[in-house]
*Asks:* 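Once you've had a glance at the structure underneath, I'll fire off some questions.
Values reported hereafter were calculated over all heavy atoms of this structure, with side chains retained and with hydrogens, waters and symmetry mates removed.
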Amino acid sequence: MRRTALLASLATAALAAAVAGATPASAISTDNSQPAPDRTEVGALLVQWDRDADPTTPDVVDWYCSGTMIDRDVFLTAAHCTTDWAPGARFYVSLDQDVEGALAEAREAGLSPEQVAAAVGVEGTAHTNPAYPGNSADSQDIAVVTFDPGQAAELDRRWDFTPARLPSAGQLDALGSRTLDASRWEVVGYGTEEAQREPGGHVHPGGGVRMKAEVGFNALNRTWVRLAMNTGRGYGGACYGDSGGPNFVTIDGELVLAATTITGDTPCYATNVAYRMDTPTARGFLDDFVDLP
C-alpha cells in the first residue's frame, strides 16, 4: 500500500506557494502507513480565506494542516499553519477520517464556502505563539485553536474522541535517548504522499485522509525530536499537510503526544523533525490553554 505523507503544513506543493511563510514539513511514508480511524483525537485544520482580495469572488476553503485535540476545547497545531493568511481568515477543525471526501461532497452539493466549512468542520479561534518565528534552536512553532462552549459541544456532538495526553515537563530528557530509541513512535496526519518522480518533476499525490505510520527514533535535541523514516525497517513518516500533527511515543503502555510535526527533507523520504511538547517553551505557551501534567 502506498504510504501517505504526514508532515507538511500544506495539502499540496502547489498550495505551499499560495501561503507565504508556511514552512513545509516532511511526510508519512506510503509503503508502511495505514488508515487511522482509531486516532479520533487527530484532526485536520481547515481555513476559509480570501485568496484574491476581491470581496465579490468566493473565499477559498480547504484543509492545510493536521493537529490534535489536547482537551475537549483545544486543538494543538503548528504556528506556521495559522500565520500569514489574508485578513479575516477563519479556522475550522474536522475530525473526519476522510476530510478530502467530506469537502468534495459538500462542494458537489453546491454549498457556499461558509456552508462547506461549517458542514465539514467546527469553527474556532486560532492562537499563535507570539514568539514565532524563533530561531533554529527553538522555532517557537506552536499554535492552538480554541472553541467556546457552544463550539466544543458541537465537536462532541459530531465526533467521539478522547484528548491526547501531553508529556510532563522534561519527560523526554528524563527517559533519555536509549529508552526513546527502544520505544514505539507513531506519526499521524492527513498529509500527501512522499515525492514521486514525474516528467515535470516531483509531485506529492494524495492527502486528506487520516493515516498513521510507525517511525524510528533518531535524535533528541533541546526542542526537537528527529525521527527516521527508514522504509527498510518498516517505518513510514510525514509529508505535506502533516504539519502540526502528532508524533506519539508509547511510555509504560500509554500513548504520549511527544512532539508535533514541523519539517523534514523536501521529498519526504528520510527525516521527520518534530517540535517537543515537554520543553519550557512549549509548556509556557500551552499553560494558558490547558492543564498540563
Side-chain angles (χ1 to χ4, degrees), residues 9-11 15 19 35-50 58-83 85-129 142-166 188-191 207-211 241-246 257 260-261 286 288-291:
S9 64
L10 302 180
L15 286 173
V19 185
D38 55 320
R39 295 268 58 89
T40 54
E41 73 274 47
V42 180
L45 179 70
L46 289 76
V47 186
Q48 176 187 332
W49 61 293
D50 182 359
D59 285 355
V60 174
V61 176
D62 215 332
W63 71 272
Y64 293 92
C65 284
S66 301
T68 314
M69 297 300 301
I70 55 173
D71 204 340
R72 306 307 301 183
D73 58 358
V74 182
F75 178 80
L76 171 66
T77 188
H80 71 257
C81 297
T82 58
T83 54
W85 295 97
R90 298 168 65 178
F91 297 90
Y92 297 76
V93 169
S94 173
L95 303 183
D96 280 342
Q97 168 64 16
D98 182 358
V99 71
E100 185 65 35
L103 284 166
E105 183 177 352
R107 290 169 182 144
E108 289 167 5
L111 301 182
S112 68
E114 292 83 359
Q115 291 170 326
V116 168
V120 178
V122 175
E123 187 171 9
T125 301
H127 306 268
T128 303
N129 183 357
I142 184 172
V144 295
V145 177
T146 61
F147 303 91
D148 66 28
Q151 293 166 335
E154 179 67 7
L155 282 168
D156 280 335
R157 185 187 70 80
R158 292 170 66 170
W159 296 289
D160 182 19
F161 66 93
T162 300
R165 176 190 164 191
L166 291 168
V188 188
Y190 289 78
V209 177
R210 186 170 58 216
M211 303 289 284
D242 290 320
S243 280
L257 201 175
T260 56
T261 294
L286 291 175
D288 288 336
F289 305 100
V290 294
D291 293 329

*Asks:* Does some side-chain heavy atom of Val61 sit less than 4.5 Å from a side-chain heavy atom of Tyr92?
*Replies:* no
*Asks:* So, are Arg39 and Glu41 salt-bridged, with charged N and O less than 4.0 Å apart?
*Replies:* yes
*Asks:* Which residues pass the side-chain contact (heavy atoms from CB on, under 4.5 Å) test with Pro58, sequence neighbours left out?
*Replies:* Pro113
*Asks:* Kindly say whether Leu95 contributes a backbone atom to a donor-acceptor pair with the side chain of Arg210 at under 3.5 angstrom?
*Replies:* yes
*Asks:* Is a side-chain N or O of Thr68 found less than 3.5 angstrom from the main chain of Ile70, in a donor-acceptor match?
*Replies:* no
*Asks:* Tell me whether Asp291 at atom CG has more than 12 heavy atoms from other residues, nucleotides or ligands lying less than 6.0 Å away.
*Replies:* no
*Asks:* Quick one: are Ile142 and Thr260 in side-chain contact, heavy atoms under 4.5 Å?
*Replies:* no
*Asks:* Please round to the nearest 0.5 Å and tell me the distance separating atom SG of Cys65 and atom CZ of Phe91.
*Replies:* 9.5 Å
*Asks:* Give a yes or no answer on whether the side chain of Asp71 reaches the backbone of Asp73 with a donor-acceptor pair at less than 3.5 Å.
*Replies:* no
*Asks:* Compare all side-chain heavy atoms of Asp59 with those of Trp49 and state whether any distance is below 4.5 angstrom.
*Replies:* no
*Asks:* Ignoring hydrogens, what is the shortest heavy-atom contact between Thr146 and Gln151? Give both atom names and the distance.
*Replies:* O-OE1, 4.2 Å
*Asks:* Given Met69, which of Val74, Thr162, Thr40, Leu155 fulfils the side chain to side chain contact (heavy atoms under 4.5 Å, CB included) condition?
*Replies:* Leu155
*Asks:* Rounded to the nearest 0.5 Å, what separation is found between the CG atom of Asp50 and the CD atom of Gln48?
*Replies:* 9.5 Å
*Asks:* Counting N and O atoms only, with roles assigned by atom type, does the side chain of Thr77 sit under 3.5 Å from a partner on the main chain of Ser66, one being a donor and the other an acceptor?
*Replies:* yes
*Asks:* Under 4.5 Å between any side-chain heavy atoms of Val47 and Asp62, yes or no?
*Replies:* no
*Asks:* Within a strict 4.5 Å, meaning less than it, do heavy atoms of the Val144 and Val290 side chains meet?
*Replies:* no
*Asks:* In this structure, are over 12 heavy atoms from other groups packed under 6.0 Å from Glu114 atom CD?
*Replies:* yes
*Asks:* Answer whether the closest heavy-atom distance between the side chains of Phe147 and Thr125 falls below 4.5 Å.
*Replies:* no
*Asks:* Check whether NZ of the Lys or CZ of the Arg Arg72 lies under 6.0 Å from the centre of the six-membered ring of Phe161 and within 45 degrees of that ring's axis.
*Replies:* yes
